There are 4 protein chains.
Amino acid sequence: MAALQKSIDKRNALIEATIELVNNDGFHATPMSKIAKMANVSPATIYLYFDNKQDLVNITYIEVKSRYTAYAFETYRETMSVEEGFEVIWKRIADFKLKEVADAMFLAQCDNTPMIDEPSRREGIKHLQPLLDLWARGKAEGIIKPISDYLLYAYSINPLSFLMLVENRGAIKIGPQELEEAFQAAWSSIKINR
Amino acid sequence: MAALQKSIDKRNALIEATIELVNNDGFHATPMSKIAKMANVSPATIYLYFDNKQDLVNITYIEVKSRYTAYAFETYRETMSVEEGFEVIWKRIADFKLKEVADAMFLAQCDNTPMIDEPSRREGIKHLQPLLDLWARGKAEGIIKPISDYLLYAYSINPLSFLMLVENRGAIKIGPQELEEAFQAAWSSIKINR
Amino acid sequence: MAALQKSIDKRNALIEATIELVNNDGFHATPMSKIAKMANVSPATIYLYFDNKQDLVNITYIEVKSRYTAYAFETYRETMSVEEGFEVIWKRIADFKLKEVADAMFLAQCDNTPMIDEPSRREGIKHLQPLLDLWARGKAEGIIKPISDYLLYAYSINPLSFLMLVENRGAIKIGPQELEEAFQAAWSSIKINR
Amino acid sequence: MAALQKSIDKRNALIEATIELVNNDGFHATPMSKIAKMANVSPATIYLYFDNKQDLVNITYIEVKSRYTAYAFETYRETMSVEEGFEVIWKRIADFKLKEVADAMFLAQCDNTPMIDEPSRREGIKHLQPLLDLWARGKAEGIIKPISDYLLYAYSINPLSFLMLVENRGAIKIGPQELEEAFQAAWSSIKINR
DNA sequence: GATGAATGAGTTTTCATTCAT
DNA sequence: CATGAATGAAAACTCATTCAT
């Protein structure tokens, strides 16, 4: 514990600084020196923890994506029904996007920008598996439309990113009512109408 | 007349080069010199047409956004029914996002990034009015859910951006069938179920 | 008169613009395009009248220096006594420096800066001859100290440049009284005390 | 301790390089790259010590002005008589202007040019106080003419700048004799004739 | 492990000058 | 004679990265 003395605190401070600065200014408008300053370390110290700037942002991306999925699935159990499971996951994701604003903004920027390299992008996607499994089950049970997972994601999950964004730009306020409306819209777009 | 008037061709070449390079590398990773080279002009020439890099990208954004909305509403008529009107607009938007890939990618990056300044962002939003009017009519007629326009946009229009993106990254192919499915998902998420 | 149609007006406008802009910003901080704009001509037009930027400023210098000496000696006559002659010249010079502020500031900058090339500098000095002649006469008559003309200039004429400068920077106001004091100081520093 | 502290040597080398190059070419004709080269550092290094080019020249100005006044008053004591004090200060100033040519030329350029910003200009003036005090004493004692300090400066001190300049341009040589003549001219222009 | 000084390579932007009309 | 568009060359400045300590 004393041997590999690389302080996890410094590493984390660097990651959090990266998120905040990239959110405010964009990746390439964020100098390493500024990240170092906000994390209260020397610029040179960054290179003890990360190979280079690209590596720093890649790793930050993977880490934030992990937090996102960990949060999303924390209360979900595979024993839940499809409806219940979807609602549980959806509401956790909504929670995350509306409360962990910095993380959510960061992901939105990474996902719509060439700033992350392909391997990291792929790495980040992995963790959504439980949702895909749930949808597979739902399709098998005739509850979820038998369409591409990407379509399901586009219509049931991705809109939350847009709502998070416009809320953050001050255009709307997402309260409990809007959230319920959003959930109904999400659910009705992927469930099979009987 | 061809040589000594500030040529609209050069201006346009610069805008197209900006779109392509920003799509590939991101705003700040795109040097003015590269834009100039791709547009076959000297770097100094850019400054005859645009005040600075920020101005260039702002104007490019507004121009692309205009093309987008112009395309979206070209075949729509206010005399159409709500259902028909929405379908017409939606399909034009889908068309644009799937065919005018460069433009669509550029808008996605601008909209999820701090690269555009606020005034330009606001300028870009203006042109969606016909869709908002249609929705207002739909709400009055009891056809469209009486929820915030942002929610309607999030669920019926914005998913197309996500689909465009994943198609471009090679994850899926959006054919006629997927498009129809997408439209059904969009419509079912905003129409009132009777 | 119609043949060599180079308009003297344009040439003069360019020279006046040069004086004003160089006074405000310095030679190298004054772009040709700005000079052209202030003179209401195209940048290319400057090159019809002057070889290049250095030539423009050299010629401007010589022209302003000529105005200065022409003004200085306009009312002086060689028939005047040494005392009278000096007073007449000194007061004309003072007049010029305090009233033709732009010209005087321009000369101060040229004379204390490497912006003028040597040939033009020498050319500009030529026209002071009548003053040197007067001093020679004064020395011969035992009225003026038998010291270098440069010393005489340094103590009797050059202080006016300093006074002009500080008045222009708002530090003092040179009224009739100060002027008389200045003249007495000038005269007492070069005349022989008996 | 030599290598990793921001080295005062580098800062000083930059200041000296600035003086020399500005003297030769003028402020705006002196590129940062040339200053860096002469100081044997990278252009980027300049920005570790100075905010920008204007800051570099402002600070150089203040520093040179300080050297000037420090030198001027080094041997002066307030216990000296007015005559003696003035002679001491005057000769130190003459010494400085004729020996520290680079510094003196630099000040002449700064003082006759818009290259220094107003705050720095004011900062540079501060240090002349002992001379002003001496003059106040001289006026009280009926030894010095009761005229503006600017006039006293214009006639007793400023001529040295002109003499330094023309000597440097090779027009004259200021030897001991000329210096004595100059001093007499200076003194006779400000002392009260009895 | 941690640092701050240092820098080479690159960025945006400017500008004196030219040239086709 | 006059022009405005165009540009190559160079300016100020930045920044990811390294290195001696």
Side-chain angles (χ1 to χ4, degrees), chain A residues 2-7 10-11 28-37 40-56, chain B residues 1-7 10-11 28-36 40-56, chain C residues 2-7 10-11 28-37 40-56, chain D residues 1-7 10-11 28-36 40-56:
Chain A
L4 187 54
Q5 207 50 337
K6 283 203 200 175
S7 135
K10 275 181 190 163
R11 202 195 90 112
H28 282 284
T30 298
M32 294 295 260
S33 57
K34 219 169 162 185
I35 295 174
K37 193 163 291 168
N40 270 106
V41 301
S42 156
T45 303
I46 301 182
Y47 293 85
L48 298 176
Y49 294 88
F50 306 95
D51 289 345
N52 50 46
K53 196 183 180 186
Q54 185 63 55
D55 185 51
L56 166 60
Chain B
M1 195 209 230
L4 277 199
Q5 296 320 311
K6 252 199 214 177
S7 114
K10 271 179 193 159
R11 200 196 93 112
H28 283 285
T30 299
M32 295 295 260
S33 57
K34 223 167 159 186
I35 296 175
N40 269 108
V41 300
S42 154
T45 303
I46 301 182
Y47 294 86
L48 295 178
Y49 294 88
F50 305 95
D51 288 344
N52 51 46
K53 199 183 179 186
Q54 185 63 54
D55 185 50
L56 166 60
Chain C
L4 187 53
Q5 207 49 337
K6 283 203 203 174
S7 135
K10 274 180 191 164
R11 201 197 91 111
H28 283 284
T30 298
M32 294 294 260
S33 56
K34 218 169 163 186
I35 296 175
K37 193 164 291 168
N40 271 105
V41 300
S42 156
T45 303
I46 301 183
Y47 293 85
L48 298 175
Y49 294 88
F50 305 94
D51 290 344
N52 50 45
K53 197 183 179 185
Q54 185 63 56
D55 185 52
L56 166 59
Chain D
M1 197 210 233
L4 277 199
Q5 297 320 313
K6 252 198 213 179
S7 117
K10 270 178 195 161
R11 201 197 91 112
H28 284 286
T30 299
M32 295 296 260
S33 58
K34 223 168 160 186
I35 296 174
N40 269 107
V41 299
S42 155
T45 302
I46 301 182
Y47 294 88
L48 294 179
Y49 295 89
F50 305 95
D51 289 344
N52 49 47
K53 198 183 180 186
Q54 186 63 55
D55 184 51
L56 166 59

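Quick caveat, the model's predicted, so the values are computed rather than measured. So that the names make sense, note that chain A is the first sequence line, chain B the second, and so on, each numbered from 1.
- With rounding to whole Å, D:I35 atom CD1 is found 11 Å from F:dA11 atom P.
- Here F:dA5 presents its P atom at 15 Å from CZ of B:R11, a figure rounded to the nearest Å.
- Figure legend. F:dC15 is base-paired to E:dG8; pairs are counted as Watson-Crick or G-U wobble with both atom distances under 3.5 Å.
- The nearest heavy atom of DNA chain F to D:T30 and to B:L48 marks one nucleotide each, and the one closer to the 5' end goes with B:L48.
- With both pairing distances under 3.5 Å, F:dA2 is matched to E:dT21 as a Watson-Crick or G-U wobble pair.
- Sequence order on DNA chain E of the closest nucleotides to A:P43 and B:P43 puts A:P43 first from the 5' end.
- The CZ-C1' distance, from C:F50 to F:dA2, rounds to 15 Å in whole Å.
- The interatomic distance linking C:N40 (CG) with F:dG4 (C1') rounds to 14 Å, in whole Å.
- Between B:N52 and B:Y47, the closest heavy-atom pair is CA-CE2, 3.8 Å.
- OP1 or OP2 of F:dT7 lies within a sub-4.0 Å distance of a side-chain N or O belonging to B:T45.
- In this structure, the CG atom of C:N52 is 13 Å from the C1' atom of E:dT18, given to the nearest Å.
- Residue D:I46 contributes atom CD1, which lies 12 Å from atom P of F:dT14 at whole-angstrom precision.
- No side-chain heavy atom of B:L48 sits under 4.5 Å from any side-chain heavy atom of B:V41.
- Distance alone, capped at 3.5 Å, is enough to place a donor-acceptor pair between the B:Y49 side chain and the B:S7 backbone.
- Mapped onto DNA chain E by nearest heavy atom, D:A44 and C:A29 fall at different nucleotides, with D:A44 at the one closer to the 5' end.
- When the nearest nucleotides of DNA chain F are assigned to B:V41 and D:K53 by heavy-atom distance, the more 5′-ward of the two goes with B:V41.
- When atom types are taken as modelled, the side chain of B:K34 and the backbone of B:A29 share no donor-acceptor pair closer than 3.5 angstrom.
- A close approach under 4.0 Å does not occur between any side-chain nitrogen or oxygen of C:K10 and OP1 or OP2 of F:dC1.
- A straight line from NE2 of C:H28 to P of F:dA10 spans 15 Å, rounded to a whole angstrom.
- Between C:P43 and C:S33 the shortest heavy-atom distance is CG-CA, 4.5 Å.
- One finds no side-chain N or O of A:S42 lying less than 4.0 angstrom from the OP1 or OP2 phosphate oxygen of E:dA2.
- The side chain of A:Y47 lies closest to F:dT17 when the candidates are F:dA6, E:dA2, F:dT17.
- Put simply, B:Y49 has a side-chain N or O that comes within less than 4.0 Å of OP1 or OP2 on F:dA6.
- Of the candidates F:dA16, F:dA12, F:dA2, the closest approach to any side-chain atom of A:M32 belongs to F:dA16.
- E:dT17 atom P lies 10 Å from atom CG of C:D51, rounded to whole Å.
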